[in-house]
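Structure provided below as C-alpha cells; questions to follow.
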Amino acid sequence: MTLDSLQGKVAVISGGATLIGAAVADVLVAAGARVAIFDLDPNGAEVAARYAENGLFVAVDLTDDHALHAAVERVQQDFGTVELLINLACSYLDDGIASSRADWLRALDINLVSAAMLTRALHADLKASRGAVVNFTSISSGCAQTGRWLYPASKAAIKQLTRSMAMDLAGDDIRVNSVSPGWTWSRVIAEVSGGDREHADRIAADYHLLGRLGDPQEVAQVVRFLCSPAAS
C-alpha cells in the first residue's frame with residue numbers, strides 16, 4: 001500500500017452533491033475509499049451511483065441533530081467505522097448588511113455549527129480509526145468582499161475552529177486540517193456565469209496569479225493528500 005492509498009477507508013463528505021464535493025468523492029474512491037455523501041440535493045444520489053457498492057447517498061439536513069445522527073448510523077450500518085470526514089457543506093446565503101438575524105443564524109448553522117456537530121457525532125469512529133478531518137474554509141476567510149458578511153465570517157470561523165479541533169483531537173490521534181481554495185469552478189460560479197467557464201476564468205484572472213479559476217479536481221487532490229498516510 002502506498003502512502004497516498006486510502007484502500008478500504010470510509011469517508012463521509014458533507015455537501016458531496018456539489019461540483020467540488022463530487023470531485024472529492026471521485027478522487028477518494030479512486031484512491032480506494034468508500035464514500036458516503038451527505039446532502040439535501042438529490043443529485044447526490046447520482047454522484048454516489050457512480051461508485052456502485054463504494055458509494056452511498058444519504059439525504060440529510062445537517063442542522064437537524066436527529067437526522068444527522070440517523071445519517072451517521074446509516075453509514076456505520078452499511079460501511080462500518082468512519083475514518084475520514086470532509087466538512088464541505090455550506091450556504092451562500094448572504095445579503096451583507098441587509099441580512100437578518102435569521103439569515104445569520106441559518107448561515108452559521110449550516111457553514112459552521114454543522115461541521116462541529118458532524119465531527120462530534122463521528123468522534124468515536126475517528127478516534128478508533130485514528131482518522132482525519134478536512135474542513136473547507138475559503139480564501140474569503142481572510143479577504144474582505146463588498147456586500148458579503150455572512151459567508152466570509154463563517155469561513156473565518158471555520159479556520160479558527162480547525163485550529164481548536166486540531167489541538168483537542170490530536171491526543172486522540174485524529175488529524176484535523178483545512179483547505180482554503182481561491183475561486184474554483186463550482187455550481188455557484190457556473191450559475192452566475194451562465195455556464196461559461198472561459199468568461200469566469202477571465203473575471204478570475206485579475207484576482208488569481210494563475211490567471212484562471214481553480215478546478216474542482218485540483219482542490220480534491222489536496223483533500224486526498226490530507227486524508228492519506230502521507231499527511232501524517
Side-chain angles (χ1 to χ4, degrees), residues 3-4 6 8-16 20-21 24-25 28 31 33-39 58 60-76 79-91 104-142 150-181 219-220 222-232:
L3 278 177
D4 63 350
L6 300 176
K9 301 288 187 182
V10 175
V12 167
I13 307 172
S14 73
I20 296 175
V24 170
L28 296 189
R34 291 177 290 171
V35 297
I37 293 169
F38 286 9
D39 209 305
V58 184
V60 57
D61 177 356
L62 295 174
T63 67
D64 179 334
D65 286 337
H66 177 75
L68 186 152
H69 284 280
V72 167
E73 290 177 358
R74 169 78 186 281
V75 178
Q76 291 168 334
F79 284 168
T81 301
V82 175
E83 295 143 301
L84 306 170
L85 170 60
I86 294 85
N87 285 308
L88 172 59
C90 80
S91 167
W104 273 98
L105 294 176
R106 179 64 177 167
L108 290 173
D109 203 2
I110 296 170
N111 295 5
L112 177 66
V113 179
S114 68
M117 293 301 99
L118 190 49
T119 304
R120 180 184 180 190
L122 287 169
H123 178 228
D125 275 18
L126 294 167
K127 181 177 180 180
S129 62
R130 302 174 67 183
V133 178
V134 179
N135 296 326
F136 264 74
T137 174
S138 166
I139 192 174
S140 297
S141 66
L150 283 61
Y151 181 79
S154 69
K155 290 301 184 179
I158 292 172
K159 197 170 185 178
Q160 184 60 21
L161 174 63
T162 300
R163 296 185 180 106
S164 298
M165 281 185 176
M167 292 185 71
D168 283 351
L169 300 183
D172 295 330
D173 287 323
I174 301 170
R175 303 190 314 277
V176 186
N177 290 281
S178 67
V179 292
S180 300
V219 179
V222 178
V223 176
R224 171 180 171 169
F225 167 73
L226 293 174
C227 287
S228 75
S232 61

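Just so it is clear, the values below take in all heavy atoms, side chains as well, and ignore hydrogens, waters and symmetry mates.
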### Task
Search all heavy atoms of C227 against all heavy atoms of V134 and return the closest pair with its distance.
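The answer is SG-CG2, 4.0 Å.
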Not counting sequence neighbours, which residues clear side-chain hydrogen bond (donor to acceptor under 3.5 Å, both in side chains) with S138? List them please.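 Scan of S138 (side-chain hydrogen bond (donor to acceptor under 3.5 Å, both in side chains), adjacent residues dropped) gives S140.
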Closest approach of I37 to A25 (non-hydrogen atoms, all atoms of both residues):
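Looking at all heavy atoms of both residues, the closest pair is CD1-CB, 4.5 Å.
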Any chance CZ of R130 has more than 12 other-residue heavy atoms, nucleotides or ligands included, within less than 6.0 Å?
-> no
Would you say that L28 contacts R224 through its side chain, given a criterion of any heavy-atom pair below 4.5 Å between the two side chains?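 Heavy-atom side-chain distance check passes, below 4.5 Å.
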Requested in this report: Quick one: pull up OG in S129 and CD1 in I174 and give me the separation to the nearest 0.5 Å.
Outcome: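 These two atoms lie 7.5 Å from each other.
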Per side-chain contact (heavy atoms from CB on, under 4.5 Å), L85 is matched among I13, V176, T119 by T119
- Query: Would L226 and R175 satisfy side chain to side chain contact (heavy atoms under 4.5 Å, CB included), going step by step from the backbone distance to the final call?
  - Reply: CA-CA 9 Å; L226 293 174; R175 303 190 314 277; over 6 Å; no
A side-chain contact here means heavy atoms from C-beta on lying under 4.5 Å apart; do D61 and L68 qualify? no
Could you tell me the separation between the NE2 atom of H69 and the CG atom of L122, rounded to the nearest 0.5 Å?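 The NE2 atom of H69 sits 9.0 Å away from the CG atom of L122.
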Are I86 and V35 close enough, and set up right, to give a side chain to side chain contact (heavy atoms under 4.5 Å, CB included), and what steps lead you there? CA-CA 10 Å; I86 294 85; V35 297; over 6 Å; no
Review point. Out of curiosity, S178 OG to L161 CG, how far, rounded to the nearest 0.5 Å?
Key: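 One gets 9.5 Å once the value is rounded to the nearest 0.5 Å.
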- prompt: Tell me, do N177 and V133 make a side-chain contact under 4.5 Å, heavy atoms counted?
  reply: no
Contacts of S141 meeting side-chain hydrogen bond (donor to acceptor under 3.5 Å, both in side chains) (sequence neighbours excluded), chain-then-number -> none
Next on the checklist: Side chains of C90 and Y151, heavy atoms from C-beta outward: is any pair under 4.5 Å?
Outcome noted: yes
Of all heavy-atom pairs between S228 and L6, which one has the smallest distance, and what is that distance?
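Heavy-atom minimum between the residues: CA-CD2, 3.6 Å.
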So CD1 of I158 and CE of M165: to nearest 0.5 Å the spacing works out to 9.0 Å
To the nearest 0.5 Å, what is the distance between CZ (F79) and NZ (K9)?
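So the gap between those two atoms works out to 15.5 Å.
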Hey, mind stepping through L84 and V12 against side chain to side chain contact (heavy atoms under 4.5 Å, CB included) and telling me if it holds?
CA-CA 6 Å; L84 306 170; V12 167; over 6 Å; no
* Side chains of T162 and N135: is there a donor and an acceptor less than 3.5 Å apart? -> yes
Taken in chain and number order and not counting sequence neighbours, the residues that satisfy side-chain hydrogen bond (donor to acceptor under 3.5 Å, both in side chains) with H123 are D172
query: So, does E83 use its side chain to make a donor-acceptor pair with the main chain of V10 at under 3.5 Å?
result: yes
**Item:** side chain to side chain contact (heavy atoms under 4.5 Å, CB included) evaluation trace for I110 with T63
**Value:** CA-CA 6 Å; I110 296 170; T63 67; 3.8 Å; yes
**Study point:** Over all atoms of both residues, closest heavy-atom pair of R34 and G8
**Key:**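 Here R34 and G8 meet closest at NH2-O, 4.2 Å.
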Q. Can you tell if the side chain of N87 reaches within under 4.5 Å of the side chain of F136, non-hydrogen atoms only?
A.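 No, side chains not in contact.
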Over all heavy atoms of both residues, which pair between T137 and K159 is shortest? Give the atoms and the distance, please.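 Shortest heavy-atom separation between T137 and K159 comes out as OG1-CB, 4.2 Å.
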request  = Could you tell me the separation between the OG atom of S14 and the CG atom of D39, rounded to the nearest 0.5 Å?
outcome  =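 Those atoms lie 8.0 Å apart.
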Check: What closest approach, in Å, do V82 and D125 show between heavy atoms, and which atom pair accounts for it?
Finding: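 Nearest pair, atom of V82 first, then D125: N-OD2, 3.0 Å.
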S154 (side chain) donor-acceptor with N111 (main chain) under 3.5 angstrom
no
